[in-house]
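Written below as structure tokens is the structure these notes are about.
Just so you know, these numbers come straight off a predicted model, no measurement behind them.
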Amino acid sequence: MTSNHRSEQFCSQCGMPHEYDRFTVGAPQALAQHAQLCSYCADPATAATGTYRDSADNAWVLDMLLNIYKTGSDGKRALARMVNLAKVAIPSKVQVLAALVESLPHRRTESDYDALVLYSGGKDSSYMLIKLAERGLRVCAWMLDQGYQSATAIANAQRLCDKLGVTLVIERPQRTSMDTLFRTGFEVGKSSANVELTRAVMTYGSACMPCFAAIAAASTRFCETHHIPLCFIGTQEGQNRLDLNGKPALAGQGLPRLDALVRKFVTPFRNHAQQTHPEAAGILANGACDTVLIPFYEFVKKPEFDDQIRMLEEAGWEMPKNTGACSTNCMMNELGRKVMRTRFGFDLYQVIASHERRMGNSAPPAVVTLEPALDDDAVYLGATLIGLSESEMSEFDIKKVKNHGEH
């Protein structure tokens with residue numbers, strides 16, 4: 001259980017770390033101390049912004065969009081355009097659907113695939129891949145192996161893609177450059193002079209920021225080369241609220257362009273890498289694609305954990321044993337959580353869990369552990385694989401363990 005002293009560092013209603021709240025949205029210290037609430041929970045008007053909503057299965061919306069994409073349906077697109085132009089006296093839910101339809105690209109004869117699936121081999125992206133394959137799209141499962149993908153996750157990806165008849169592409173950036181980017185993420189703390197960079201790493205994670213940035217940038221280059229109109233991402237709903245001011249896909253904003261989002265998301269980290277480690281920054285170069293990004297789990301409700309794992313195992317998927325408590329694909333993830341807790345006092349998954357609670361997707365913090373335990377074996381494995389020095393191990397309080405799992 002979390003001590004009273006430590007629990008005071010989190011919102012008593014949603015569990016958001018007060019340090020994150022103050023740094024990212026400028027919440028004053030006095031507000032955070034008031035009833036131990038974060039700025040969101042202390043201001044009831046915030047709940048009306050549309051950033052959060054009760055989770056629902058909107059698979060029918062995704063199916064409608066894919067049907068329009070596959071059939072053309074110029075009439076429906078024209079109607080959507082008229083709705084967006086008029087808007088007056090039109091119900092908001094109709095406006096939401098119209099915005100989604102109007103932002104949907106046309107099918108292209110020059111496209112090698114209908115959709116790119118950002119694929120890790122983990123449980124959520126594997127479930128997404130199965131469900132997209134069932135919908136009759138020409139799908140390419142694209143994975144970035146940054147040097148720390150679990151061998152089990154890669155085997156899962158190959159086995160599942162073979163079974164589904166889906167093309168699997170694994171891109172492997174230069175390992176030394178990728179390690180440099182990881183270490184760059186590890187160096188950023190709340191006292192860093194670059195506030196924009198600190199906010200980005202605080203939001204996306206000490207290890208996850210470099211990895212996601214590399215994935216995002218490389219995916220735009222792949223989509224540009226292969227003229228791919230759709231890109232699916234399997235982040236959970238709580239992760240989709242981590243852009244500080246963005247709203248979900250079902251909030252009337254339409255489907256965002258992948259390259260525009262990547263520029264916004266990657267720029268702070270890429271600029272820093274170009275200044276400090278230009279030899280590694282090339283990994284973060286953008287492509288110029290007009291692909292739209294579709295957050296799968298904004299539309300399709302994820303099954304309960306046990307049901308999801310059971311279905312995946314029936315398809316030949318296996319649970320990795322070396323990726324820690326929060327990942328089912330990456331051997332660097334748990335080390336990244338440890339680094340974040342050292343640098344900031346919380347980790348990425350605590351922030352994600354807070355967003356999930358705001359949507360009613362998980363239990364309130366009174367009945368959960370606000371600081372879930374780290375997997376010490378996985379932390380040590382990640383530290384060993386990337387070659388942290390003794391002084392770095394001491395800085396992050398990483399203890400040597402006897403067994404650190406499979407590579």
Side-chain angles (χ1 to χ4, degrees), residues 9 16-29 31-32 38-39 144 146 173-174 176-220 235 239-246 256 258-286 332-333 335-352 354-355 382-383 386 388-389 391-392 394-397:
Q9 299 183 29
M16 182 66 73
H18 288 312
E19 185 69 23
Y20 178 82
D21 191 40
R22 286 193 293 269
F23 196 92
T24 57
V25 299
Q29 180 77 19
L31 181 59
C38 66
S39 59
L144 184 92
Q146 76 296 71
Q174 208 275 335
T176 302
S177 294
M178 198 67 227
D179 281 358
T180 297
L181 294 181
F182 274 122
R183 286 178 172 278
T184 300
F186 293 170
E187 292 166 358
V188 178
K190 59 186 177 184
S191 61
S192 300
N194 188 331
V195 175
E196 187 180 33
L197 174 67
T198 303
R199 183 181 290 113
V201 173
M202 220 183 224
T203 299
Y204 298 111
S206 299
C208 291
M209 174 79 235
C211 187
F212 286 169
I215 290 170
S219 69
T220 62
T235 44
Q239 287 175 287
N240 296 339
R241 272 80 189 156
L242 292 180
D243 61 354
L244 306 184
N245 58 4
L258 176 63
D259 58 355
L261 280 182
V262 169
R263 279 194 296 272
K264 178 181 178 182
F265 166 72
V266 174
T267 295
F269 189 73
R270 181 176 56 223
N271 288 348
H272 179 68
Q274 286 172 338
Q275 294 171 5
T276 58
H277 303 287
E279 76 284 357
I283 291 176
L284 306 179
N286 272 32
M332 191 56 56
N333 194 74
L335 174 60
R337 294 179 65 206
K338 180 71 170 178
V339 172
M340 274 203 79
R341 290 193 185 186
T342 303
R343 295 294 193 207
F344 305 117
F346 59 87
D347 69 54
L348 169 65
Y349 292 89
Q350 291 167 288
V351 177
I352 293 172
S354 301
H355 287 293
I386 201 170
L388 293 190
S389 66
S391 62
E392 289 171 322
S394 176
E395 178 185 5
F396 299 124
D397 192 27

I'd like to check [X] versus [Y] (side-chain heavy atoms, cut-off strictly below 4.5 Å). Are they in contact?
{"X": "Phe269", "Y": "Val188", "value": "no"}
{"X": "Leu284", "Y": "Leu181", "value": "yes"}
{"X": "Lys338", "Y": "Asp397", "value": "yes"}
{"X": "Thr198", "Y": "Phe344", "value": "yes"}
{"X": "Phe182", "Y": "Leu335", "value": "no"}
{"X": "Pro17", "Y": "Val351", "value": "yes"}
{"X": "Arg183", "Y": "Glu392", "value": "yes"}
{"X": "Leu144", "Y": "Pro173", "value": "yes"}

(message) Please check if the number of heavy atoms outside Gln174 that lie under 6.0 Å from its CD is greater than 12.
(response) yes

Let me have the donor-acceptor pairs involving side chains of residues 211-218, under 3.5 Å, with sequence neighbours excluded, atom names and distances please.
none

Can you tell me how far [atom2] of [Y] sits from [atom1] of [X], rounded to the nearest 0.5 angstrom?
{"X": "Met202", "Y": "Tyr20", "atom1": "CE", "atom2": "OH", "result": "8.5 Å"}
{"X": "Thr342", "Y": "Arg337", "atom1": "OG1", "atom2": "CZ", "result": "12.0 Å"}
{"X": "Ser206", "Y": "Arg341", "atom1": "OG", "atom2": "CZ", "result": "12.0 Å"}
{"X": "Leu258", "Y": "Ser219", "atom1": "CG", "atom2": "OG", "result": "4.5 Å"}
{"X": "Leu197", "Y": "Met209", "atom1": "CG", "atom2": "CE", "result": "8.0 Å"}
{"X": "Phe346", "Y": "His18", "atom1": "CZ", "atom2": "NE2", "result": "12.0 Å"}

(message) Would you say Thr220 and Asn286 are linked by a side-chain donor-acceptor pair, where the criterion is simply a distance under 3.5 Å?
(response) no

Atom of [X], atom of [Y] and distance for their closest heavy-atom approach:
{"X": "Leu348", "Y": "Met340", "answer": "N-SD, 3.3 Å"}
{"X": "Pro210", "Y": "Gly205", "answer": "CD-O, 3.9 Å"}
{"X": "Ser177", "Y": "Ala280", "answer": "O-CB, 3.5 Å"}
{"X": "Val201", "Y": "Gly185", "answer": "CG1-O, 4.0 Å"}

(request) For Phe265, check ring pair (Phe, Tyr, Trp, His ring centres under 6.0 Å) against everything at least two apart and list the hits. (result) Tyr204

(message) Can a donor-acceptor pair be found, under 3.5 Å and without considering hydrogens, that links the side chain of Gln275 to the backbone of His272?
(response) no

(message) Could you work out, with salt bridge (charged side-chain N to carboxylate O under 4.0 Å, His left out) as the rule, every residue matching Arg270, not counting sequence neighbours?
(response) none

(message) Does this structure show an ion pair linking Arg343 with Glu19, if we count only N-O contacts that are shorter than 4.0 Å?
(response) no

